[in-house]
Amino acid sequence: MSEPDAARPDSSAPQKKIFIKTYGCQMNVYDSGRMADVMAPEGYVDASSPEEADVVILNTCHIRERAADKVYSELGRLRDLKAEKAARGEGLIVGVAGCVAQAEGAEMQRRAPVVDIVVGPQSYHHLPGLVARAGNGSGVIETEFPVEDKFASLPAPEKRRTLARGPTAFLTIQEGCDKFCTFCVVPYTRGSEFSRPVARIADEARALADAGVREITLLGQNVNAYHGEDAKGRSASLGALIRELAAIDGLERLRYTTSHPRDMDEELIAAHAEVGKLMPYLHLPVQSGSDRILDLMNRQHTVEFYLDIIGRVRAARPDVALSSDFIVGFPGETEADFEATLALIREVRFAQAYSFKYSPRPGTPAATRDGQLPEEVKTERLHRLQTLLNEQQQSFNEACAGRKLPVLFDRRGREPGQLVGRSPYLQSVHLDQAPAHFFGEIAEVEIEQGFANSLRGRLAESEAAFG
Ligand code: 5AD
Ligand code: SF4
């Protein structure tokens, strides 16, 4: 499929403004950027608030609890704004995108008539047409999973205005999931697994590097299930893709998220040993430390299988920082199951982690199972779990004191003259009185102190000499 020419915005078209509000995960951040890209050739520029926008899109996420409620309350505010604008003779088109849109579909417009457009994650390239139709007064819903490749219909990388907004960027390489964990909506909202071809990803990564990006995080709901087509028409694994991307000049760091234990293959583990640009960090959700619960979750792996992978990754890259996701209070979880999760955490020692109380998602198998646990039990278990995880995170950070770490500075700090960046282990590192030209660059920092959520350092002597 050829890519539409998005290079030249139509200069005769009046300038219009779009406000895209992003909820949830990094994939949504990436998608919001792509939505802005497809609207740019139509004359749309970013609005700084819904008040000054002609089009407002809520790019929603379904993973977190009460996600749909939050969207509906935002739509209540937009209904008032639309009425105020109408009184002034101004129009406002309201769209809902992302996983809540996908899950709710037509129901959305019934519950919130303010909504003009409901667009699922696979249909963003149709947004200009949907906005035009909505402007003519017809409500439009597009939540089918079309067979065409939405990525191929997006503007070519070098033509994207939102391409690089700093030294770090996300790049979606894979979407959807075929795993069907019994708690998860992703297979229903994002559809079945799809991998972009290697050449497309490499083009986008090169364009990002040319635009000043030093670090790319490869994204996918099940990113290590990646199996995109390579130049020879064969299927390439994530490990092979990482090797290819590591050859790009200017690109210094690669990361990937989120992985599934079953898809950690030898090639990927070997990449951790052999590809210097692949950062020593692995986010590998385990969800529970009880085989019984893992089975009920349909995770397709045991605790032993998980620990074996961790052992092999650590053998490949001894300093790797490990991160995970945990769910407490899954239906049927006993105190003994929960304690098995604590035992797994003690055995692995995580540098960082995300943890959640189980919350039933309509349409998923676990939502209607017997053995749903009372809220107080979930709250108490989450508290114990997080206390342990926070201790581990803090001791990982404290152990960095005295080390010299390369830091990619990608943000300005709250204090004047302060820059904030990321260590190889994804920790935030604060540097006072940082030379301004360090922004967007990697510099060696001597870590002075580790805290619960960040590190503080000073310039290593070799760097200070040039600063
Ligand atoms: N309840 C609680 N946590 C969930 N997650 C996904 N679905 C649910 C749910 N129904 C968590 C998992 C997943 C992360 C992205 O969100 O831990 O890995
Ligand atoms: Fe959801 Fe991840 Fe399980 Fe896929 S592997 S169903 S995205 S939790």
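Every number for a ligand or one of its atoms is a count from 1 in the order of the listing. Heads up: numbering here begins at 1 and tracks the sequence. Source: prediction; values computed, not measured.
- Close approach of ligand 2 to Cys181 (heavy-atom distance below 4.0 Å) involves ligand atoms 3 (Fe), 5 (S), 6 (S), 8 (S).
- Taking every heavy atom of Phe183 and a limit of under 4.0 angstrom, the matching atoms of ligand 2 come to 8 (S).
- Checked by atom type and distance alone, the side chain of Tyr23 never pairs as donor or acceptor with a backbone atom of Gly98 at under 3.5 Å.
- In this structure, Arg456 forms no cation-pi arrangement with Phe451, as its terminal cationic atom is not both closer than 6.0 Å to the ring centre and no more than 45° off the ring axis.
- Atom 3 (Fe) of ligand 2 has no N, O or S atom of Cys184 under 2.8 Å away, backbone or side chain.
- A cation-pi contact, defined as under 6.0 Å to the ring centre and within 45° of the axis, links Arg412 to Phe439.
- Proximity to Pro187 (heavy-atom distance under 4.0 Å) selects the following atoms of ligand 2: 6 (S).
- To the nearest 0.5 angstrom, Ile293 atom CD1 is 12.0 Å from Gln287 atom CD.
- Relative orientation of the Phe350 and Tyr306 rings is tilted, given thresholds of 30° and 60° on the angle between their planes.
- A cation-pi arrangement, defined by a distance under 6.0 Å to the six-membered ring centre and an angle within 45 degrees of its axis, is present between Arg262 and Phe305.
- For Phe180, every heavy-atom contact with ligand 2 shorter than 4.0 Å involves the backbone, none the side chain.
- Remark: ligand 2 atoms within the under-4.0 Å shell around heavy atoms of Lys179 are 4 (Fe), 5 (S).
- Close approach of ligand 1 to Lys357 is summarised as follows: ligand atoms under 4.0 Å from at least one heavy atom of the residue are 1 (N), 2 (C).
- For ligand 1, the polar-atom distance check against Phe356 finds no nitrogen or oxygen pair separated by under 3.5 Å.
- At least one cation-pi condition fails for Arg411 and Phe409: the charged atom is not both under 6.0 angstrom from the six-membered ring centre and inside a 45 degree cone around its axis.
- Atoms of ligand 2 found under 4.0 Å from any heavy atom of His260 (numbered from 1 in listed order, with element): 5 (S).
- With distances taken over non-hydrogen atoms, the option nearest atom 7 (N) of ligand 1 out of Phe183, Tyr354, Tyr358, Phe330 is Phe183.
- A salt bridge does not link Asp203 with Arg200: every distance from a Lys NZ or Arg NE/NH1/NH2 to an Asp or Glu carboxylate oxygen is 4.0 Å or more.
- Among the backbone and side-chain atoms of Cys177, none of the N, O or S atoms lies under 2.8 Å from atom 1 (Fe) of ligand 2.
- Neither the backbone nor the side chain of Asn222 comes within 4.0 Å of ligand 2, counting heavy atoms alone.
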